[in-house]
Amino acid sequence: MKKIAVLTSGGDSPGMNAAIRAVVRKAIYNNIEVYGVYQGYQGLLNDDIEKLELGSVGDTIQRGGTFLYSARCPEFKEAEVRQKAIENLRKRGIEGLVVIGGDGSYRGAQRISEECKEIQTIGVPGTIDNDINGSDFTIGFDTALNTIIDCVDKIRDTASSHARTFIIEVMGRDCGDLALWAGLSVGAETIIVPEVETDIKDVAEKIDNGIRRGKKHSIVMVAEGCMSGEDCAKELTKYINVDARVSVLGHIQRGGSPSGADRMLASRLGGHAVDLLLEGKTAIGVGIRNNELTDTSFEEIFRSNEHKFDFETFALANELSI
């Protein structure tokens, strides 16, 4: 293998730059030319591709976001559109493509590998939602978790000062990991996630019981995939008279300098992706399980579509929030 390309796709996550850096430097170390694709799959269509050197990724490991940029490209689902992208890779003699992103990004990589056997594809899990099968953790999850913790610690100060209930809406459309881990870490009284059916009446009773024993404030952590923070507040007021305020953390969760854990994870996974390309493997997502690097076929990742939620930790969070 002499030439590979790398792109970032879908929502950005802290640590993507560290992953790009690892891919570029590991490839160059092995005498492979590396090309950066700007604006994700849209850049493949627009031929927005340029060669990267060692200096191209200098001073990037600590930066959030992605210097290659990212964009949604729904038209990539069309076969004729993908052929145009494939031709842009072929004309440069690119033999391998590393795609850093989430489930949708992986599906695009799988299509390329199916339709062009001479181009190998490897997926690197980059999403704050931590919802990619085949890996215990995804790049950006730890940083987003710590961002939420920092925000909620500050919100708790004002919640305590004014004796209020705060409802914190965090990201997690189909996966409640951010809400669960953050909720347990900040001592939230209630955690609402897509994986567990929650009766708002029970949440209201729990808050009311706390008030009766002298508790001055409460934190309710809600994953956006269940309901909005505003809807949660409206439902609560049907059962309890409480001064509830809503904070939607939004895209602040995606930003910021990546944590040490995310820099390490991104570097390891990016380097592993290049190793797999050198071994001739394709249509594979890299990951980490029990701190060991792994690789799982896209087919298996998509077959086991349902993310494995940690119900044991969820039960612990409920036990500790009595």
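Every heavy atom of this structure was used, including side-chain atoms; hydrogens, water molecules and symmetry mates were not. Count residues from 1 along the sequence.
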Nearest atoms (heavy-atom pairs only) where Arg156 meets Ile219: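 Here Arg156 and Ile219 meet closest at NH2-CG1, 3.6 Å.
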Expected output: side-chain [X] to main-chain [Y] donor-acceptor under 3.5 Å:
| X | Y | answer |
| --- | --- | --- |
| Ser13 | Ile139 | yes |
| Thr8 | Val99 | no |
| Thr138 | Asn130 | yes |
| Glu95 | Lys3 | yes |
| Glu169 | Gly229 | yes |
| Arg82 | Lys77 | yes |
| Tyr41 | Ala109 | yes |
| Lys26 | Gly270 | no |
| Lys206 | Glu189 | yes |
| Gln110 | Phe298 | no |

What I want to find out is whether [X] reaches [Y] closely enough, with some N-O distance under 4.0 Å, to be called a salt bridge.
| X | Y | result |
| --- | --- | --- |
| Lys2 | Glu33 | no |
| Glu235 | Lys201 | no |
| Lys91 | Glu87 | no |
| Asp275 | Lys281 | no |
| Asp142 | Arg263 | no |

Does a donor on one side chain sit under 3.5 Å from an acceptor on the other, for [X] and [Y]?
| X | Y | answer |
| --- | --- | --- |
| Thr143 | Asp262 | yes |
| Asp12 | Ser70 | no |
| Asn291 | Arg268 | yes |
| Arg25 | Ser56 | no |
| Glu50 | Tyr38 | yes |

I'd like to know whether Trp181 forms a ring-ring contact (aromatic ring centres under 6.0 Å, His included) with Phe137, so could you lay out the CA-CA distance, the side-chain angles of the two residues, the decisive distance to 0.1 Å, and finally the verdict. CA-CA 12 Å; Trp181 284 57; Phe137 297 104; 5.5 Å; yes
For Val186, run the side-chain contact (heavy atoms from CB on, under 4.5 Å) check against Ile149, Ile148, Ile168 and tell me which one passes.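 Among Ile149, Ile148, Ile168, the one meeting side-chain contact (heavy atoms from CB on, under 4.5 Å) with Val186 is Ile149.
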Cationic tip of Arg107 within the cone over Phe302's six-membered ring, i.e. under 6.0 Å and within 45° of the normal?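 Positive - Arg107 is close enough to the ring of Phe302 and near enough to its axis.
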